[in-house]
Amino acid sequence: MNTIFADRMKLTRKSFIREILKVTEQPEIISFAGGLPNPGLFPVEAIAAASAKVLSAEGKNVLQYSSTEGYLPLREFIAERYHRKSGLEIEPDEILITNGSQQSLDLIGKVFLNKGDKVIIEQPGYLGAIQAFSIFEPEFRSVTLFDDGIDTALLESVLNEGTAKLFYTVPTFQNPSGITYSREKRNALSNILKKHNVVCVEDNAYGELRFAGEELPTIRSFSDETILMGSFSKIIAPGLRMGWICAGKEIMNKLLVAKQAADLHSNYLSQRIIYQYLQDNDIDEHILNIKDAYGKRRDLMVKMMDEHFPDEIEYTQPEGGMFIWVTLPEGISSIDLFDLAVKENVAFVPGSPFYTEDRIGDNTFRLNFSNSDFEQIEEGIKKLAGCLERLTANR
Ligand code: PMP
């Protein structure tokens, strides 16, 4: 049977996370596993009103086929917002609307990657990117993440070994680690990539969700060559499946061909609903509410970890986004911890799937704080601490 499938499917890793999410669907489980935004913050009524409005005013039009690039007023809105918020000069025709960032990754993979091409990725890195790029059978090279961003010395030495096509990064509130690159690292990284002619793919899925510290410039602002990805998933709702790619003309022309071949264009009704929602509501005010809710959850989770986790356990203290990354002492397995925790009805994602190399990261795991309420965070972290005490005492 296996012989009928394409070679590329051999490399695509089986999803441990899918198995975990099955467990976490049981109602008694306190789940810090999924990467889900908090549904209590979805603007349900405003989206209902926007949907009714576009359907009643322009039903025949919004249900028709549309352009591959995406709805022009929506692209103009995104371009204008970049300009107003961060001084970025991006033209509407340098923006392609996609069915979420996950499709953006697929299209970028299609446009750039031949079998065996090198892709550099953070270690740990975003699992969805590893999976999306794996389809194109690249060779991954992973580079360690420090608290202030990528290990630039290691990156240089990897690039000196041989050229790479893409460097993929989530420099702000990274999934899975919550780490944010410093300004210096952003600058240094963009210089290194320019020198070695490597295309930088900057995935800014969480950039708007800063609840502490100072705003930092995107890597795109250091280099126009950067491909910048954005998404409405974390600031409006992921079910609408809407994101975008910003790229210069030459790359954009290739992306348009790939997009056309994939699905002609992104869901036009979703685009029109989002645009109507953005016209009738203050997105900045909505984002403030999300940041406030997530900031409080992060504060509580970190406080509970400070109070209850054994001292030798390390964790990141993200200034935004949705995740905390935990590192256990060497030799302690987060899979063993997972087995104990699930018996106590608590779930998280063990770290190894976020590494492209086997047998590393076994002592790490990811905690999501956006999708739990305060009681769940208190109870879940206390239970997890109890499991950790038992595991570390048994050494
Ligand atoms: N990039 C990163 C870093 C993510 O964490 C996610 C969602 N988990 C995505 C992309 C995909 O997001 P979207 O809903 O826009 O496809």
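Counting starts at 1 for both ligands and their atoms, following the listed order.
Under a 4.0 Å N-O distance rule, the pair Lys60/Glu58 does not qualify as a salt bridge.
For Phe365 and Phe348, the ring centers sit closer than 6.0 Å to each other. Residues Tyr275 and Tyr71 place their aromatic rings such that the two centres sit under 6.0 Å apart.
Nearest heavy-atom pair, His286 versus Leu41, reported as atom, atom and distance to 0.1 Å: CE1-O, 3.0 Å.
Using modelled atom types and a 3.5 Å distance limit, the side chains of Gln103 and Thr98 yield no donor-acceptor pair.
For the atom pair CZ (Phe133) and CD1 (Ile121), the distance works out to 7.0 Å, reported to the nearest 0.5 Å.
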Which pairs of nitrogen or oxygen atoms, taken one from ligand 1 and one from the protein, are under 3.5 angstrom apart?
residue, atom, partner, partner atom, Å
ligand 1, 1 (N), Asp203, OD2, 2.6
ligand 1, 5 (O), Asn175, ND2, 2.8
ligand 1, 5 (O), Tyr206, OH, 2.5
ligand 1, 14 (O), Ser233, OG, 2.6
ligand 1, 14 (O), Arg241, NH1, 2.8
ligand 1, 15 (O), Ser101, N, 2.7
ligand 1, 15 (O), Ser101, OG, 3.2
ligand 1, 15 (O), Ser231, OG, 2.6
ligand 1, 15 (O), Ser233, OG, 3.3
ligand 1, 16 (O), Ser101, N, 3.0
ligand 1, 16 (O), Gln102, N, 2.9
ligand 1, 16 (O), Arg241, NH2, 2.7

